[in-house]
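So the structure is just underneath, and the comments pick up after that.
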Amino acid sequence: MTLITDVRLRRVLDSRGNATVEADVLTESGGFGRGKAPSGASTGEYEAIELPANEAIARAREDAIPRLVGEVHAGNQRDVDAALHVADGTDDFSQIGANSAVAISMAAGKAGADVLGAPLYQHLGGTFRGNEFPTPLGNIIGGGEHAADATNIQEFLAAPVGAPSVEDAVFANAAVHQEVHDILAERDLPAGKGDEGAWAPSVTDDEAFEIMAEAVETIADDLGFAISFGLDVAAAELYDAEEDSYVYDDQVRSAEEQVEYIAQKVEEYDLVYVEDPFDEDDYEAFADLTEHVGDQTLICGDDLFVTNVERLQAGISAGAANSILIKPNQIGTLTDAVDAIELARDNLYASVVSHRSGETGDATIAHLAVATGAPFIKTGAVGGERTAKLNELIRIEDNAV
Ligand code: PGA
Ligand code: ZN
């Protein structure tokens, strides 16, 4: 019933105004699914390869579509994704582009779900389990590669860990975002927004820590449940390999000093989440920090692991981090993303399903997070392409309870 009868690929806009790949998958029985590829700015060195949208589309039309149409059932995600790998023939999707691959993979998943008349998360093998929903991490203040003249740390993330429901958690993050706006206005610090909708004021990292602490405390008091916060340092962007040091606007930290600095911030602000505090090749520093504060906070590998089971396995062996960021476009298919989540789960690493800084209205990651029981999802706090996922989570909860 779910035999693929057509795959259409086109160039559409992403949230930064760049071209990205949109895929439509149609099946024999009239099933339909549409997927759109996101795109990173602070991309990891070991990610699957994104090609210019035009090129990715042309190559996928030539190499991948003939292996899918009339050949593979959209309802069998592993078959679809295996066919994409065979069509590509490389280990990083550099032939057809990870952007074409992920758009087709997600579109096929949705077409399979459509035929069943089931939500995508159920088709991917999951159930919505009441209070075990993925807690949204909301990007509230940020800089790095996502905004000029702002913080060095890429993201300060609200974490409404005490929220009783998805809906409460989503609105808590939006309230923290609003509260930070008010604090910045009081301090006469006008701010635009970065690529993910976070405020991008011209403040030091220390000032951003203070503002976040104040905002989450105020909103937690208002709402009556715990809200913590965390970071995505995106430290590979700060790392100077020749000097083996991290270059901030106000100081330079050696790798050892970076471990101390992050550990001290975890203690001082009770951070619940720290992503990419070190360069993407420094498993040792990740292991060192995990040893020190891994029992108090999630230490998450994004550029470190790039949703790749081999890199995750190396991290597990080294004791590096205790959590993995899951971005389907870093690895190219839903199946590869699910495999990374399963390896993580078997080794007690928490999975955090994530958007990219360049996004679309595609809400697949909301379903992936629910399907796999991920404890967190990173998808911004405000802005249409971010709220597309947050509102989908609210709908999943509403339809399930
Ligand atoms: P990117 O940033 O999508 O620009 O890579 C997001 C992140 O680093 O988590
Ligand atoms: Zn990151």
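What you see is a predicted model, and the numbers here were worked out from it, not measured in a lab. First listed ligand is number 1; within each ligand, the first listed atom is number 1.
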May I ask you to check whether Phe209 and Phe156 place their ring centres under 6.0 Å from each other? yes
I'd like to know if the side chain of Tyr246 reaches the main chain of Asp279, judged simply by a donor and an acceptor atom lying under 3.5 Å from each other, with no hydrogens or angles considered. yes
Does His355 have a non-hydrogen atom less than 4.0 Å from ligand 1? no
A side-chain contact here means heavy atoms from C-beta on lying under 4.5 Å apart; do Leu120 and Lys110 qualify? yes
With heavy atoms and a 4.0 Å threshold, my read on which part of Asp232 contacts ligand 1 is side chain
Can you find a heavy atom in the side chain of Leu9 that is under 4.5 Å from one in the side chain of Ile65? yes
Using a cut-off of strictly less than 2.8 Å, determine whether Asp276 has an N/O/S atom near the Zn ion (ligand 2). no
Pairwise side-chain contact, Thr335 with Ser105, heavy-atom cut-off 4.5 Å (strictly under): no
Do any nitrogen or oxygen atoms of Ser39 come within less than 3.5 Å of a nitrogen or oxygen of ligand 1? no
Considering non-hydrogen atoms of the protein only, which is the closest contact for atom 8 (O) of ligand 1, and what is the distance? Gln154 NE2, 3.0 Å
For atom 6 (C) of ligand 1, what is the nearest protein heavy atom, given as residue, atom name and distance? Lys327 NZ, 3.5 Å
Within the structure, is a non-hydrogen atom of Ala234 found at a distance of less than 4.0 Å from ligand 1? no
Asp232: its N/O/S atom lying closest to the Zn ion (ligand 2) (atom name): OD2
Do Thr27 and Asp114 have side-chain heavy atoms sitting under 4.5 Å apart? no
If the cut-off is 4.0 Å to any non-hydrogen atom of Glu155, which atoms of ligand 1 fall inside it? 6 (C), 7 (C), 9 (O)
Ion pair present between Glu392 and Arg395, side-chain N to carboxylate O less than 4.0 angstrom? yes
Going by heavy atoms, is Glu145 under 4.0 Å from ligand 1? no
For the Zn ion (ligand 2): the N/O/S atom of Glu275 at shortest distance: OE2
No-hydrogen, no-angle side-chain donor-acceptor test under 3.5 Å, Thr333 and Asp336: yes
If only atom types and distance count, is the side chain of Glu214 paired as donor or acceptor with the main-chain N or O of Ile211 below 3.5 Å? no
When you measure from atom 3 (O) of ligand 1 to every protein heavy atom, which one gives the shortest distance, and what is it? Ser357 N, 2.7 Å
State yes or no: are the ring centers of Tyr261 and Tyr248 separated by less than 6.0 Å? yes
Numbering as shown, the atoms of ligand 1 that approach Gly40 to under 4.0 Å (heavy-atom distance): 1 (P), 3 (O), 4 (O), 5 (O)
Heavy-atom contacts with Asp302 under 4.0 Å: which atoms of ligand 1 show up? List them by number with element. 7 (C), 8 (O), 9 (O)
More than 12 foreign heavy atoms under 6.0 Å from CD of Glu284: is that the case here? no
Closer than 4.0 Å to some heavy atom of Glu275 - which atoms of ligand 1 meet that? 9 (O)
So between His146, Arg356, Glu359, whose heavy atom ends up nearest atom 5 (O) of ligand 1? Arg356
Tell me, which N, O or S atom in Asp302 is closest to the Zn ion (ligand 2)? OD2
Short list, please: which atoms of ligand 1 are under 4.0 Å from a heavy atom of Glu196? 6 (C)
